[in-house]
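Because only heavy atoms are used, hydrogens play no part in the values below, and waters and symmetry mates are left out as well, while side chains stay in. Order of the sequence lines fixes the chain letters, A, B, ..., with proteins taken first and strands second; residue numbering starts at 1 for each chain.
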Amino acid sequence: MILVFCELKDGQIRKPSAEALSEGRRLADASGKKLGALFAGASCAGAAEAAKFGADVILTAEGPSLASYSSDAFATVLADAVKAKGATVLLAAATAVGKDVLPRAAARLGAGYASDVTGLSMVDGKLQAVRPVYAGKAFATTSFASAVQTATTRPNVFPAAEKAGAGATEALAAPAGDFKSVVKEILAKASGKVDLSEANVIVSGGRGMKDGANFKILEELADALGGVVGASRAAVDAGWGLPHSMQVGQTGKVVSPTLYIACGISGAIQHIAGMSGSKFIVAINKDPEAPIFKLANYGIVGDLFEVVPELTKAAKAMGIGSN
Amino acid sequence: MKILVALKQVPDTETKIKVAADGKSLDPADVKWITSPYDEYALEEAIRLKEGKGAEVVALSVGSDASKDVLKNALALGADSAVLLKGEGQGDPYAVAQVIAAYAKDKGFDLILCGNKGLGGDNAAMGPMLAELLGVAQANVIVKLELGDGTFKAEREIEGGSEIVEGALPAVITAQKGLNEPRYASLKGIMAAKKKTIEELDAAAVTTAAQVSALALPPERPAGRLLQGDAAQQAQALLQALKDEAKVF
Ligand SMILES: Cc1cc2nc3c(=O)[nH]c(=O)nc-3n(C[C@H](O)[C@H](O)[C@H](O)COP(=O)(O)OP(=O)(O)OC[C@H]3O[C@@H](n4cnc5c(N)ncnc54)[C@H](O)[C@@H]3O)c2cc1C
Ligand SMILES: Cc1cc2nc3c(=O)[nH]c(=O)nc-3n(C[C@H](O)[C@H](O)[C@H](O)COP(=O)(O)OP(=O)(O)OC[C@H]3O[C@@H](n4cnc5c(N)ncnc54)[C@H](O)[C@@H]3O)c2cc1C
């Protein structure tokens, strides 16, 4: 069996989890295996949706002990499910939870782990992964020697594809409690906007923005395009009040949106490292020699303070992002 | 209190990546090596704890002789001692975790600090794997850490915000940018470090569960197109191209 750990949010499967599940379905078909979707929490209401993404079996570990996230408790759920089902592949999305729990579960199972992968295949009955290394400056193929193979899938890379599965449900026991660490509180739940790492459209600003207050024009463009705002390190470090969580790059977030618009960003190697996986890159810069243009599918040489508002205006006029 | 800090030597962020003749590793020619930046936050946190409450700080790296530079730097910054676990291939993060677990298991460390990911390898996995192998608590991608009596409270970065993780010591904590501002080595520190020796041990034999079987450079991006006209025309042309050619919208 190929088992995919899925996260729920407001009773729905999170998009990165749906992507991992869809990829799991593809691998299961390719190797003649069954696909299991695994959920854990105080309530797993909404788990049935996994059948839409091809799950043959839906496993739920439900109980008050799983109300708050705990690395060791969730690792126990995952590792026990792998053992109980004799699964050979364990996947999850490379989210904050996925990246926290999968390596721990892998170590318990003596399983190899590949993080934040952008490609998966089954070779001779075993998982093989392709993942960006050196922050996207190269791609490594990871081969596994262990009986169980595990990986997290990078959000926004694998398409979420609907395909009906049997969706037979099965309840698993929740671990008893007394965990080594537990999440006590969630702070600063942002505006309901998606995280940069999951965003489909990103509008980023660099030192050329001149001031944090000017990011307002990027917010407006992002809103018009249905995207979110990122920044270069120069902008984050400039003391403009931008949080580090906005930083894109080798020491910030690695992003893979469909569209990345770089405004007043020169294209330093450490910035490119974080966004070169974007499907389409647009550069807006007044310096025609800026290295970012070498990477861009479309370039605009000009003053961003003139171009960005025009883009927002045109996007609204064309009704883009409203669908 | 006894603190272990795991430090990895990695290629500098400016490094132009070249694939070696074996087709699966990095060509080390012209590579400048540095301490992985996230590991610097881990070390700084350990030194601050030492200065604040008193602690013994042991710096550790798994690698070849070259990794001694990382450890020398850690000694200059304030680590009390340094250990190099010598292994040929560092293997996958699981292999590294087993090597460090074999070393650390009987040594009574209260806290193990790591980077949240090794720059370049980017697995972000060694810390949680080590925590599991040692049977202790973990908290990853930490921007704030407070220690109580046998407990910790840590703020961890998550999508769109952060969360507070509480747990028992011993624990493995992995550092994120924002945890602190790492200091530079002082001349006094550098001189003092020269008198200290780096303990060298053979890395324990471990099972490798995953390995890199091929390394390739990303495909070249197709040549781009500059959009002409005044700002309004450029904006219009861009959106049209994104809609019609790229089919983004
Ligand atoms: C270890 C290390 C890690 C790093 N990690 C990261 C990272 O994760 N992310 C990151 O981004 N950087 C990172 N950096 C920093 C990186 O090297 C660059 O310094 C940084 O990316 C530059 O940011 P920038 O492009 O915004 O600024 P600059 O390089 O100063 O570029 C500003 C650009 O704005 C343009 N501009 C100015 N005014 C206008 C205008 N009115 N209209 C249009 N264009 C205008 C200019 O022509 C210029 O090209 C790292 C560096 C190191 C050493
Ligand atoms: C393409 C590629 C090819 C490689 N080939 C080889 C090879 O042929 N031979 C070889 O020896 N290695 C090789 N490596 C390195 C090896 O795979 C890594 O050491 C291992 O995967 C863990 O690195 P990571 O940065 O991904 O770990 P992460 O899980 O991201 O590391 C997290 C943290 O764990 C700690 N840590 C990780 N590794 C060490 C360490 N070695 N010592 C001390 N602390 C550590 C650090 O605190 C680090 O911040 C290769 C790596 C890549 C990307």
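A donor-acceptor pair under 3.5 Å is formed between the side chain of Asn116(B) and the backbone N or O of Ala175(B). Side chain of Lys117(B) to main chain of Ala125(B): no donor-acceptor pair is present (N/O by atom type, distance under 3.5 Å, no hydrogens or angles). The backbone N or O of Pro37(B) sits nowhere less than 3.5 Å from a side-chain atom of Asp39(B) that would complete a donor-acceptor pair. The backbone N or O of Asp230(B) lies less than 3.5 Å from a partner atom in the side chain of Gln233(B), making a donor-acceptor pair. The closest donor-acceptor contact from the side chain of Gln98(B) to the backbone of Ala204(B) lies at 3.5 Å or more, if one exists at all.
Proximity to chain A involves both the backbone and the side chain of Leu227(B), based on heavy atoms less than 4.5 angstrom apart. If you measure heavy-atom distances from Ile269(A) to chain B, the contacts under 4.5 Å come from the side chain alone. Looking at Ala140(A), the atoms closer than 4.5 Å to chain B (heavy atoms on both sides) sit in the backbone and in the side chain alike. Proximity to chain B (any heavy atom under 4.5 Å) is shown, for Phe179(A), by neither the backbone nor the side chain. Of the two parts of Ser68(A), neither the backbone nor the side chain holds a non-hydrogen atom closer than 4.5 Å to a non-hydrogen atom of chain B. Within the 4.5 angstrom heavy-atom criterion, only side-chain atoms of Val282(A), from C-beta onward, approach chain B. For chain A, no part of Ala97(B) is nearby; none of its heavy atoms comes within less than 4.5 Å. In this structure, the portion of Lys279(A) lying under 4.5 Å from any heavy atom of chain B is its backbone and not its side chain. Using a 4.5 Å cut-off between heavy atoms, Leu196(A) makes no contact with chain B at all. Of the atoms belonging to Gln149(A), not a single heavy atom falls under 4.5 Å from chain B. Heavy atoms of Lys16(B) lying under 4.5 Å from chain A are absent altogether. Of the two parts of Asp116(A), neither the backbone nor the side chain holds a non-hydrogen atom closer than 4.5 Å to a non-hydrogen atom of chain B. Heavy atoms of Arg225(B) lying under 4.5 Å from chain A belong to its backbone as well as its side chain. Interface residue Val254(A): only side-chain heavy atoms are found under 4.5 Å from chain B. Residue Asp72(A): no heavy atom, backbone or side chain, is found under 4.5 Å from chain B. Using a 4.5 Å cut-off between heavy atoms, Glu185(A) touches chain B through backbone and side chain atoms alike. Only the side chain of Lys243(B) comes within contact range of chain A, judged by heavy atoms closer than 4.5 Å.
For the set Thr251(A), Thr258(A), Val308(A), the count of heavy-atom pairs under 4.5 angstrom toward chain B peaks at Thr251(A). Heavy-atom pairs under 4.5 Å with chain B were tallied for Val101(A), Val133(A), Val183(A); the largest tally goes to Val183(A). Contacts with chain B were tallied for Thr312(A), Leu102(A), Asn200(A), Leu311(A); Leu311(A) has the most, counting heavy-atom pairs under 4.5 Å. No other option in Asp303(A), Asp195(A), Leu259(A) has as many heavy-atom pairs under 4.5 Å with chain B as Asp195(A).
A salt bridge is defined here as a Lys NZ or Arg NE, NH1 or NH2 lying under 4.0 Å from an Asp or Glu carboxylate O, and Glu163(B) with Lys184(A) fails to meet this definition. Between Arg183(B) and Glu44(B) there is a salt bridge, since at least one side-chain N of the basic residue sits less than 4.0 Å from a carboxylate O of the acidic one. Ion pair Lys177(B)/Asp237(A) flagged as a salt bridge, since at least one NZ, NE, NH1 or NH2 atom sits closer than 4.0 Å to an Asp/Glu carboxylate oxygen. Ionic pairing of Lys18(B) and Asp30(B) is present here: one or more N-O contacts between side-chain nitrogen and carboxylate oxygen are shorter than 4.0 angstrom.
For residues 126-140 of chain A, no residue pair satisfies the salt bridge (Lys or Arg N to Asp or Glu O under 4.0 Å) rule, not counting sequence neighbours.
Atom CG of Leu304(A) and atom CD1 of Ile217(A) lie 5.5 Å apart (nearest 0.5 Å).
Of all residues in residues 141-156 of chain B, those placing a non-hydrogen atom less than 4.5 angstrom from a non-hydrogen atom of chain A are Phe152(B), Glu155(B), Arg156(B).
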